[in-house]
Amino acid sequence: MTNVLEVDAVDVAYGKVQALTGVSLTVGEGEVVSLLGNNGAGKSTTVSTISGLVRPQQGTVTAFGRDITRATPWSIVEQGLIHVPEGRRIFSRLTVHENLLLGGYTIKDNSLIESRVREVYDLLPRLADRRAQQGGTLSGGEQQMLAIGRAMIAGPRLIMLDEPTMGLAPLVVAQVMETIAAINSAGASVLLIEQNARAALKVAHRGYVLDSGRVTLTGTAAELARDPQVVEAYLGK
Amino acid sequence: MTDPSLPRDPAGTQLPPEESSAYVRAVETKQPANVAPAGTGLTPAAKGHGPTSASRVVSSPWFAVAIVVLAIALPFIDSGAYTLRIATDALIFVMLAVGLNVVVGYCGLLDLGYAAFFAIGAYTAGLLSTTFGWPIIATIPAVVVMAVVGGLVIGAPTLRLRSDYLAIVTLGFGEIIRITANNLDITGGPNGLFGIPDFGDFGYRSDVTIYWFTAVVVSLAVIASSRLGRGRLGRAWRFVREDEDAAEAMGIHTYKVKFAAYVTGAIFGGLAGVLFAVHQTAISPPSFNFLWSALILMAVVLGGMGSTPGVVVGALVISLLPELLRGAENWRYLVFGVLLIVVMIFRPQGIWPHTPSEPASAARREPDPQPEVTA
Amino acid sequence: MDYVLQLILNGLFVGTFYALVALGYSMVYGIIKLLNFAHGDIYMLGGFVGFTLLTVGSGALAGGGGIIALVVVMALAMVATGLVGLVLERVAYRPLRSAPRLSVLITAVGASFALEYGVAVGYGPNPRAYPVTVGGGAVHLLGARITYAQLVMMAIAVILMFGLDTLVRRTRSGRAMRAISQDPRACLLMGVNVDQVISRTFFIGSALAGAAGVMAGAYYGKIDFLMGFIIGLKAFTAAVIGGIGNIRGAVLGAIVLGLLESFGTAWLGSQWRDVFAFAFLILFLTVRPTGLLGERVTERV
Amino acid sequence: GGGLKEGSSSNDSGEDAKGDIKLGMLTPLSGSSAAIGPYMKNGAQLAVDEINAAGGVDGRKLALTVEDEACDPKTAAAGAAKLVTAGINVSVGGYCSSATLPTLSIFGKADIPMLIPAANSADLLKSKLKNVFLVNGTGIQQSQAASDFIKSKGSKAVALLDDNTSYSKDITTRTADNLKNAGVAVANKQSVTAGESDYSGAVTAVMRAKADFVYWTGYYQEGGLLIKQLRSAGYKGDIMVADGAVDKKLVEIAGQANAQGTYATMTQTPATIPGGDAWIAKYKKAFGSDPGPYSPQAYDAVRIAAEAVKEAKGSTKGEDLITALEGIDGFQIFSGKLKFTPEHTLSEGGFDILVVKGDDFALNS
Amino acid sequence: MNAVLECRDLAVAFGGVRAVDGLSFDVHEGEVLSVIGPNGAGKTSAFNCITGFYKPTSGSVSFRGADITGGRPANIAAAGIARTFQNLRLFGDLTVLDNVRAGMHVRLRQNAFDAILRTPRYRRSEQVATDESHRWLDFVGVRSDRTTQVRNLPYGEQRRVEIARALAREPQMLLLDEPAAGLNHGEKEELLALLRRISDLGTAVVLIEHDMGLVMEVSQRIVVISYGKAIAEGTPAQIRTDPAVIEAYLGAEDAEARSEAEQIAAEQAEELRAHENRARSSAQEEGR
Ligand SMILES: Nc1ncnc2c1ncn2[C@@H]1O[C@H](COP(=O)(O)OP(=O)(O)OP(=O)(O)O)[C@@H](O)[C@H]1O
Ligand SMILES: Nc1ncnc2c1ncn2[C@@H]1O[C@H](COP(=O)(O)OP(=O)(O)OP(=O)(O)O)[C@@H](O)[C@H]1O
Ligand SMILES: [Mg+2]
Ligand SMILES: [Mg+2]
């Protein structure tokens with residue numbers, strides 16, 4: 001299996017705050033990889049570093065065989081590496097439909113965008129109901145669906161989701177997890193950050209545990225689910 | 001690795017890691033939906049707050065004493081007519097800037113017509129003293145009343161507006177006041193009022209007396225505005241600036257609080273107007289045009305919004321710089337403009353920005369291991 | 001009746017000029033929430049660039065029709081002012097993206113001073129008479145009078161408005177512009193080159209102002225280094241009346257302001273005109289706090 | 001600087017009785033009226049150079065210091081204080097009336113006589129300060145000349161337009177009063193905003209009032225536009241402008257065709273008096289450009305100052321100079337023979353009527 | 001039991017969307033009441049109606065017997081209702097302490113002149129504000145530096161600060177909108193303990209939450225909202241087995257989704273039982 005993403009010994013600091021120290025991880029082609037960790041462990045920072053929003057002091061990031069450590073965020077998106085950020089970041093005064101269209105900003109072919117938008121509406125019918133409503137007026141859960149849907153328009157080869165189930169009703173959590181599985185089986189690799197470790201390890205093939213900016217544990221989902229530390233901290237016996 | 005052209009934060013610590021787009025930095029800390037005009041700063045996680053914060057120094061009684069002593073001593077150092085004149089002008093400008101700072105810096109209301117209150121103060125004092133023969137001191141209560149009335153009239157219907165709409169409304173108000181003064185006979189039309197008396201004969205040269213009086217009043221105003229920024233009301237202003245909804249949820253009547261800021265600013269502006277009228281002896285509408293409002297606002301922003309020492313410095317710069325460039329004729333404003341850009345690029349938060357901090361007394365005294373709270 | 005019609009026509013025409021400047025103002029505001037006080041001075045600069053080109057090129061153009069010369073010059077002036085806008089954004093605004101919003105206001109005012117007095121130093125403080133002016137015949141409409149030049153200019157403004165409106169509402173770029181105004185960081189994650197889109201917006205806005213500057217020179221026949229100041233304020237006002245950040249609103253607001261001024265002059269006299277317009281504006285905003293076409297969103301809590 | 005006590009002015013003119021005679025001038029060098037400053041400055045400098053070349057006054061040279069007033073009261077007051085501190089003996093500046101007003105008390109307290117070459121609002125005299133002299137014709141005289149001419153033209157409906165500055169509004173207000181007394185109807189009187197380009201509102205109002213005579217009392221920038229817009233709206237009647245608008249640029253801006261036949265009220269200038277051409281040539285040689293508005297008045301102010309020092313037997317004390325100025329009688333200046341009225345205005349402020357011929361103004365015969 | 005808050009037939013609509021549509025429920029004195037329901041059911045909107053951020057189009061809200069329908073948020077807050085927001089709404093630029101002082105605003109006795117003149121009253125009142133802020137921060141368990149800007153704190157700590165700020169108001173009723181979102185398992189446990197402590201103060205707590213484990217554990221009663229209406233109300237035990245709730249909240253249309261949902265519900269129920277056991281045993285320990 002080839003790796004679509006390789007993060008190698010990355011250090012990131014915000015001013016004096018050292019957020020990441022020597023973080024390395026890989027995502028293989030077609031894999032779902034989960035990233036676990038406490039609040040402030042550096043999960044979001046890791047993903048932001050990959051997507052080019054944050055520059056590392058040390059280390060390299062390679063995607064699809066190319067070094068993207070210094071690449072601009074938009075060129076990274078163009079390569080099919082999509083980051084669904086924490087907190088949804090919906091464009092609150094664009095309509096649901098426009099939000100989706102913007103997800104396809106890097107795609108020049110309008111008919112392709114349209115067909116993907118249709119697919120998203122099929123998958124998430126609640127969005128179709130609200131297509132003309134402004135993004136900012138959606139409920140928290142609806143916004144989360146929109147954020148995921150928006151990322152799907154770009155046709156991601158690797159999608160990185162930062163806490164996609166935050167604030168979702170149990171049913172929808174299950175739905176989102178299914179959606180992730182669906183995206184994955186359609187061929188995209190997934191890097192998933194989740195507080196809901198139980199749900200995450202259910203869809204993931206492998207996982208990493210971050211603690212205070214360092215990778216402290218890694219293994220297959222099954223291994224992690226059995227690890228006493230993980231059980232204690234993230235699964236709750 | 002760090003780009004030297006990147007703005008640095010005032011504490012001298014580094015910014016977050018270099019990012020590929022200037023905008024990334026900008027956005028991190030901004031909430032697009034609720035654009036407070038005061039905005040927010042750099043990603044401030046890296047900001048260090050030492051216990052010796054500037055605003056604490058300035059609010060200490062010793063600092064105040066030092067200011068007053070220094071101010072009063074000036075005529076003994078240089079009593080030239082020119083020195084005293086520009087010093088008095090600068091002090092009046094300081095008063096305007098700290099007044100506007102309450103509105104813009106503390107409360108986050110963008111006011112582009114602040115000169116209106118300056119005009120109201122100057123004209124009220126001028127009119128009562130020339131046409132009706134009141135002693136200048138006696139006009140002060142009337143000025144305060146008029147400034148408050150002005151604040152009420154314009155503030156009442158408009159303080160609910162969001163920032164840029166408020167900006168244009170205040171701009172309009174400023175223009176209305178100026179044009180009205182220009183068109184009415186009682187205000188002397190375009191020539192305005194002249195022959196405004198000074199504070200009286202104290203045996204000193206009148207410009208020295210005026211200077212001293214101004215120095216004392218302005219020092220008091222600076223201290224008052226700085227202290228106002230710290231108490232219950234001052235905090236409420238900052239809450240409103242940061243997040244109106246959250247402030248409301250805390251039981252803060254945001255409309256009243258904004259009003260308080262606006263009216264406080266109006267009173268400061270009005271009193272500055274009295275000083276100006278006395279100092280100039282003649283007042284006319286061009287002194288209260290939009291450019292003035294813009295310059296006062298610039299003093300506040302250049303110095304550092306919400307920071308009293310910063311605003312004082314900003315006012316001194318904005319007031320004295322064009323005067324120092326006087327010889328440059330048409331180059332004067334060209335140089336001034338370029339300098340403004342340069343200063344802001346190097347100090348985007350202002351020359352002496354406000355750093356949120358707590359007085360030493362606020363540090364926790366003894367940690368309660370077992371909290372006991374009575375509701 | 002003819003009198004009222006004349007007032008309306010006057011208002012419409014003045015509004016057209018405000019609109020041309022307000023369009024760029026509103027666009028720039030719309031994307032980075034910047035009150036670009038230097039925008040009026042870009043308009044002024046357009047006037048001077050056109051003046052220089054017409055003066056320098058007068059020999060070459062002498063034979064040709066004034067109108068064609070004017071169109072060529074206008075296009076060149078648009079490019080020139082567009083570039084100045086780009087540079088301005090790069091030098092004075094971009095370094096302050098992360099600063100408080102009002103900090104940029106300072107550099108905008110600084111840029112405004114620099115442009116005004118840069119021109120004053122370069123061209124001298126005296127006003128200049130434009131080498132080519134448009135005159136031409138007039139149409140009489142129910143007793144009111146409007147010149148062809150005025151009609152042409154109004155048509156240009158309307159076309160530009162529709163063009164820009166379509167650009168902003170319907171195109172990929174336009175969507176990106178609106179999205180940037182709400183959340184630039186999220187735009188990066190959509191693959192939007194944010195800086196480039198902002199630069200493009202400045203270019204377009206400044207080029208429009210430049211075109212308006214040349215038109216003003218050619219129509220009124222006089223330019224001076226402070227000519228951008230008042231119209232800058234008026235454009236700002238117009239943009240706000242219309243609902244700031246909104247393209248159609250900018251034009252509508254400009255026309256409303258033009259009409260207000262026209263009728264204010266007629267009813268109260270020139271000296272009370274601005275008082276009338278501003279008083280109306282204040283009252284209007286108190287009943288409609290987001291302008292004519294401004295979006296009224298219930299902010300979610 | 002001097003002492004802090006009252007009376008200890010920093011201008012102890014007695015001290016340097018042997019040094020240069022210092023003249024100070026406030027004039028706009030920046031801001032919206034920046035175009036005027038150089039004209040005034042050069043006019044004054046020309047006189048200074050001439051007098052110095054001829055040996056100065058009693059062997060003492062004249063020295064001119066110019067400060068920017070920016071047509072802004074605060075800047076003007078600071079400039080005045082700076083001149084006072086520099087120890088000037090006579091002030092020969094003052095352009096905008098509203099900016100000149102706050103300087104009166106500053107020069108007054110320092111005991112410095114003011115020969116004001118441009119600002120001419122009657123308000124300058126209201127405080128009856130004895131150090132204030134107006135070297136320019138006043139609004140009273142100009143409006144008199146204007147209303148006489150309008151009446152002589154047999155006008156039925158007059159429109160008076162000003163730019164809402166004190167200078168300009170003063171003239172329209174007085175002219176309106178005069179016309180009323182003379183039984184001529186004022187059909188329209190309004191103030192427009194300077195600095196704009198479109199005056200169609202004002203033009204429409206003039207047309208609606210069916211005026212047959214328009215008198216503009218502002219400056220040439222707006223004057224040119226107004227004439228152009230009046231003509232293109234089909235206005236056929238007479239147009240007249242006041243002295244602030246007398247400049248070749250007015251014709252240029254309005255377009256020659258539109259401007260032909262436009263009248264102007266103007267004090268005597270080099271252009272209108274016999275032999276004035278030589279002066280204009282001299283000016284041109286010195287500064288490489290034509291003299292402009294208030295160049296002659298500034299030139300005269302300096303000459304009057306020198307004359308006063310001579311009359312005061314070399315004293316540069318304020319009161320001596322004032323006495324000397326009040327005593328001058330028959331000294332030739334551009335506007336005629338100098339003799340100050342008890343109010344300190346020109347007694348012979350003869351206003352001529354000019355008319356646009358070709359690309360410039362010429363005396364109306 | 002007395003009702004502190006009574007909502008009757010509340011409704012609010014935006015354009016065509018009826019966010020809240022005839023919602024009625026009571027909150028009893030001192031209880032912990034959870035409000036659950038699908039995303040977009042109108043839970044947050046209901047909070048907004050109660051706290052004055054939305055004006056209900058019809059219906060009424062009364063608090064301790066007084067009608068507060070359509071009142072201004074500030075007045076409602078002053079009457080004794082405090083809330084947190086679904087997306088954190090802290091004053092990010094201000095210090096942690098200042099944020100908590102905001103909650104005390106209505107209780108501080110000082111005016112502008114006291115501040116200018118630094119009167120003894122001002123000093124006293126500021127000292128009280130500081131001391132109490134510390135106490136509330138201790139109460140919710142904020143361990144970070146309290147003199148830095150609140151935005152520097154980790155997310156979990158910020159959540160706590162927001163609760164401290166609301167508590168500093170000393171409200172009779174506290175509305176919490178998804179306080180557990182984004183917290184991990186360990187942190188949820190701490191939140192649970194905090195909620196118990198708040199309840200012990202005698203404050204009525206209304207909780208919007210999607211985390212069933214937490215909800216079942218902490219609530220005395222639960223109200224289920226769907227499409228803007230209350231569709232069920234009862235004790236956790238009643239709600240857990242209510243078919244209408246399973247239908248609306250846990251889903252029923254799709255067999256697969258249903259089984260998944262049931263699985264999650266079952267897991268959570270199991271979790272709950274474990275919690276109950278633990279709670280019981282710890283209670284017994286304390287009892288001894
Ligand atoms: N913009 C920033 N400026 C300064 N420090 C930051 C910034 N963003 C994050 N940090 C710090 O970096 C560390 C890692 O943060 P990060 O957001 O990556 O954590 P996380 O694992 O995603 O946490 P959470 O579960 O809360 O989302 C934390 O200590 C945080 O306080
Ligand atoms: N200001 C508004 N404008 C338009 N629609 C709104 C507004 N506020 C809420 N809505 C709509 O009302 C419905 C209820 O929203 P609300 O936020 O109350 O849901 P919720 O129950 O809190 O959901 P979640 O659990 O996802 O937070 C949603 O469909 C939402 O789109
Ligand atoms: Mg995170
Ligand atoms: Mg909600």
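This one's a predicted model, so the numbers in the text were calculated from it and none came from an experiment. Numbered from 1 within each chain, the chains take letters A, B, ... in sequence-line order.
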*asked:* For chain B, which candidate among D/Cys71, D/Ala76, D/Ser121, D/Ala70 shows the most heavy-atom pairs at distances under 4.5 Å?
replied: D/Ser121
*Once you round to the nearest 0.5 Å, how far does CH2 of B/Trp292 lie from NZ of D/Lys74?*
4.0 Å
_Spacing of NZ belonging to D/Lys169 relative to CG belonging to B/Asn182, to within rounding of 0.5 Å_ = 6.0 Å
_Please classify the contact of D/Ala34 with chain B as side chain, backbone, both or neither, using a heavy-atom distance under 4.5 Å._
side chain
*asked:* Taking D/Ser30's backbone N and O only, do any of them form a donor-acceptor pair with B/Arg332's side chain (distance below 3.5 Å, no angle check)?
replied: no
_Quick one, B/Tyr82 and D/Val84 - any side-chain contact, counting heavy atoms below 4.5 Å?_
no
*Where on D/Thr75 is there a heavy atom nearer than 4.5 Å to chain B: the side chain, the backbone, both, or neither?*
both
_Please rank D/Ser127, D/Ser166, D/Ser168 by heavy-atom pairs under 4.5 Å with chain B and give me the top one._
D/Ser166
*Side chain, backbone, both or neither: which part of D/Ile106 has a heavy atom under 4.5 Å from chain B?*
side chain
*asked:* Given heavy-atom pairs under 4.5 angstrom as the criterion, report whether the side chain, backbone, both or neither of D/Asp72 touches chain B.
replied: side chain
*Checking heavy atoms, do the side chain of D/Lys82, its backbone, both or neither come under 4.5 Å from chain B?*
both
_Heavy-atom pair count under 4.5 Å with chain B, highest-scoring of D/Pro28, D/Ser105, D/Ala81_ = D/Ala81
*Residue by residue, which of residues 277-284 of chain B have a heavy atom closer than 4.5 Å to a heavy atom belonging to chain D?*
B/Gln280, B/Thr281, B/Ala282, B/Ser284
*Look at atom CD1 of B/Ile186 and say whether more than 12 heavy atoms of other residues, nucleotides or ligands are closer to it than 6.0 Å.*
no
*asked:* Taking every non-hydrogen pair under 4.5 Å, which of D/Ala80, D/Gly37, D/Gly31, D/Ala78 racks up the most with chain B?
replied: D/Ala78
*Count the heavy-atom pairs under 4.5 Å between each of D/Ser191, D/Ala86, D/Gly79 and chain B, then report the option with the highest count.*
D/Gly79
*Which of residues 92-104 of chain D get closer than 4.5 angstrom to chain B, counting heavy atoms alone?*
D/Ser97, D/Ser98, D/Leu101, D/Pro102
_D/Asn164 and B/Asn183: CA distance, side-chain angles, deciding distance, side chain to side chain donor-acceptor pair (under 3.5 Å) verdict_ = CA-CA 8 Å; D/Asn164 223 358; B/Asn183 289 347; 3.3 Å; yes
